[in-house]
Amino acid sequence: MRKPLIAGNWKLFKTIAESVALVDELKPLVAGNQSVEIVVAPVFTALCRVSNAIKGSNINMASQDCYWEEEGAFTGEVAPKLLKDAGCSHAIIGHSERRQYFGETDLTVNKKTKAAIAAGLCAIVCVGESLAERESDRTFNVIETQIKGGLDGIAEEAFSKIVIAYEPVWAIGTGKTASDAQAQEVHAFIRQLVARLFGQEVADALRILYGGSVKPDNVKGLMTQPDIDGALVGGASLKAESFAAIVNF
Ligand code: PGA
């Protein structure tokens, strides 16, 4: 009932030419796969060209962030409708690196999520605890605060345009994946929380992705967990072969 979604977060990697080359290489490797929603998230400068390169394929495109205003004197920002204009169907919002280095808060995540949805983008909203938070048994508290804040005031109908990505910060780029059971435990908690806040129907339909050192050799175990509906992949999405192996799990 929930179509798996596998998204590649390219972060601050690749020139325009390298980005186009990567999707050109990826296309034939995933062409037959209709059972997974496939998304890549290049840097802003590569969006238009990647959008042209994926036309007619089963690959979709996300931005790695967005602003919440439609236009105005906001130097350096990019509005959701301009991302749509550049060919995006999705926007990653509240990635832990943005929270850590760029002052992203649950309030800005909330504004960006609402703006992205209003512009017709699907928002991939990221949450996750740090190592210190996990080790002091605060994981569920942290996730609950992030979800309550990030999704505050969002209408039930809007949830068809929302995906949550659970990314434990200690597992991002470290090669240390959460175990299948650790990830499933938090995913189940998120689904129950969403059921409590927005209703069981919304929770049942919501896709919750896992992110943090997802690789071809651990994706299967994660994807067999009942509440894991896909993956947000960083490092392993930078090579067509490994990303295709994850998509075709
Ligand atoms: P990683 O990154 O797969 O390199 O751990 C995941 C992410 O940050 O989305």
Side-chain angles (χ1 to χ4, degrees), residues 2-12 19 23 36-72 74 76-99 102 104-128 146-147 149-167 190 194 198 202 205-209 211 229-234 237 247:
R2 299 188 293 261
K3 186 173 186 174
L5 191 163
I6 308 273
N9 173 13
W10 295 356
K11 308 191 179 185
L12 185 45
S19 302
V23 281
V36 171
E37 192 172 322
I38 306 165
V39 177
V40 295
V43 294
F44 284 122
T45 49
L47 289 175
C48 269
R49 291 280 298 281
V50 168
S51 168
N52 286 336
I54 60 175
K55 265 197 189 106
S57 79
N58 56 341
I59 302 172
N60 305 283
M61 192 173 71
S63 61
Q64 298 177 13
D65 186 25
C66 71
Y67 193 51
W68 57 81
E69 294 289 350
E70 275 193 30
E71 61 180 17
F74 304 107
E77 293 297 331
V78 184
K81 72 172 183 189
L82 301 185
L83 295 168
K84 192 104 206 280
D85 185 40
C88 291
S89 49
H90 297 67
I92 297 172
I93 295 172
H95 189 278
S96 66
E97 285 149 19
R98 298 224 54 90
R99 294 178 188 260
F102 304 103
E104 190 88 83
T105 65
D106 294 330
L107 181 65
T108 59
V109 168
N110 185 246
K111 289 181 175 190
K112 290 177 177 187
T113 300
K114 286 175 175 161
I117 295 168
L121 296 169
C122 174
I124 301 174
V125 181
C126 305
V127 297
Q146 289 174 338
I147 293 209
L151 302 183
D152 181 45
I154 289 182
E156 280 172 34
E157 313 81 72
F159 272 82
S160 61
K161 286 289 199 183
I162 289 187
V163 172
I164 291 178
Y166 167 58
E167 300 202 299
I190 292 172
V194 170
F198 301 98
V202 165
L206 178 70
R207 287 178 295 178
I208 308 173
L209 317 183
D229 308 307
L232 182 53
V233 186
S237 72
V247 166

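Below, all heavy atoms of this structure are taken into account, side chains as well, without hydrogens, waters or symmetry copies. Source: prediction; values computed, not measured. Numbering starts at 1 and runs along the sequence shown.
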**Q** Around atom CD of E70, are there more than 12 heavy atoms from other residues, nucleotides or ligands closer than 6.0 Å?
**A** no
**Q** Calculate, to the nearest 0.5 Å, the distance between atoms CG and CG belonging to D229 and L209 respectively.
**A** 7.5 Å
**Q** Answer whether the closest heavy-atom distance between the side chains of K112 and D65 falls below 4.5 Å.
**A** yes
**Q** For the side chain of K114 and the backbone of D152, is there at least one donor-acceptor N/O pair under 3.5 Å apart?
**A** yes
**Q** In sequence, state the C-alpha distance, the side-chain angles, and the governing distance for F198 and L206, and then conclude on side-chain contact (heavy atoms from CB on, under 4.5 Å).
**A** CA-CA 11 Å; F198 301 98; L206 178 70; over 6 Å; no
**Q** Would you please test L12 and V43 for side-chain contact (heavy atoms from CB on, under 4.5 Å) and show each step?
**A** CA-CA 6 Å; L12 185 45; V43 294; 4.1 Å; yes
**Q** Rounded to the nearest 0.5 Å, what's the gap from CG on L82 to SG on C88? Could you check?
**A** 10.5 Å
**Q** Does S51 reach the main-chain N or O of L47 with its side chain, forming a donor-acceptor pair under 3.5 Å?
**A** no
**Q** Provide the closest heavy-atom pair for S237 versus V233 in the form atom of the first, atom of the second, distance.
**A** OG-O, 3.2 Å
**Q** Considering all heavy atoms of both residues, which atom of A116 and which atom of C66 are nearest to each other, and what is their separation?
**A** CB-SG, 4.3 Å
**Q** With rounding to the nearest 0.5 Å, note down the distance linking CG in L83 to CE in M61.
**A** 8.5 Å
**Q** Looking at C122 and I162, what are the two nearest heavy atoms and their distance?
**A** SG-N, 4.4 Å
**Q** Would you say the side-chain atoms of R207 pair up with the backbone N or O of V163, donor to acceptor, closer than 3.5 Å?
**A** no
**Q** Sub-3.5 Å donor-acceptor pair from the side chain of K84 to the main-chain atoms of L121, do we have one?
**A** no
**Q** Given V109 and R99, is the side-chain contact (heavy atoms from CB on, under 4.5 Å) satisfied, shown in steps?
**A** CA-CA 9 Å; V109 168; R99 294 178 188 260; 3.9 Å; yes
**Q** Short question: side chain of N60, backbone of I38 - any donor-acceptor pair under 3.5 Å?
**A** yes
**Q** Kindly compute the distance separating OG (S63) from CD1 (I93), expressed to the nearest 0.5 Å.
**A** 7.0 Å
**Q** Taking all heavy atoms of G234 and all of K11, pick out the closest pair and write down the distance.
**A** CA-CE, 4.3 Å
**Q** Would a 4.5 Å heavy-atom cut-off, applied to side chains only, mark V40 and W10 as touching?
**A** yes
**Q** Given side chains that start at C-beta, do those of I164 and V194 come closer than 4.5 Å, heavy atoms only?
**A** yes
**Q** Apply the side chain to side chain donor-acceptor pair (under 3.5 Å) test between H95 and each candidate in Q64, E104, E167; give the one that qualifies.
**A** E167
**Q** Kindly compute the distance separating CH2 (W68) from NZ (K111), expressed to the nearest 0.5 Å.
**A** 4.5 Å
**Q** With rounding to the nearest 0.5 angstrom, report the CD1 to CD distance, I92 to E97.
**A** 10.0 Å
**Q** Do you know the tightest heavy-atom contact between A46 and S19?
**A** CB-OG, 3.6 Å
**Q** Check the pair L232, C126 against side-chain contact (heavy atoms from CB on, under 4.5 Å), reporting the backbone distance first and the verdict last.
**A** CA-CA 9 Å; L232 182 53; C126 305; 3.9 Å; yes
**Q** Treating D106 as the side-chain partner and G150 as the backbone partner, does any N or O pair qualify as donor plus acceptor under 3.5 Å?
**A** no
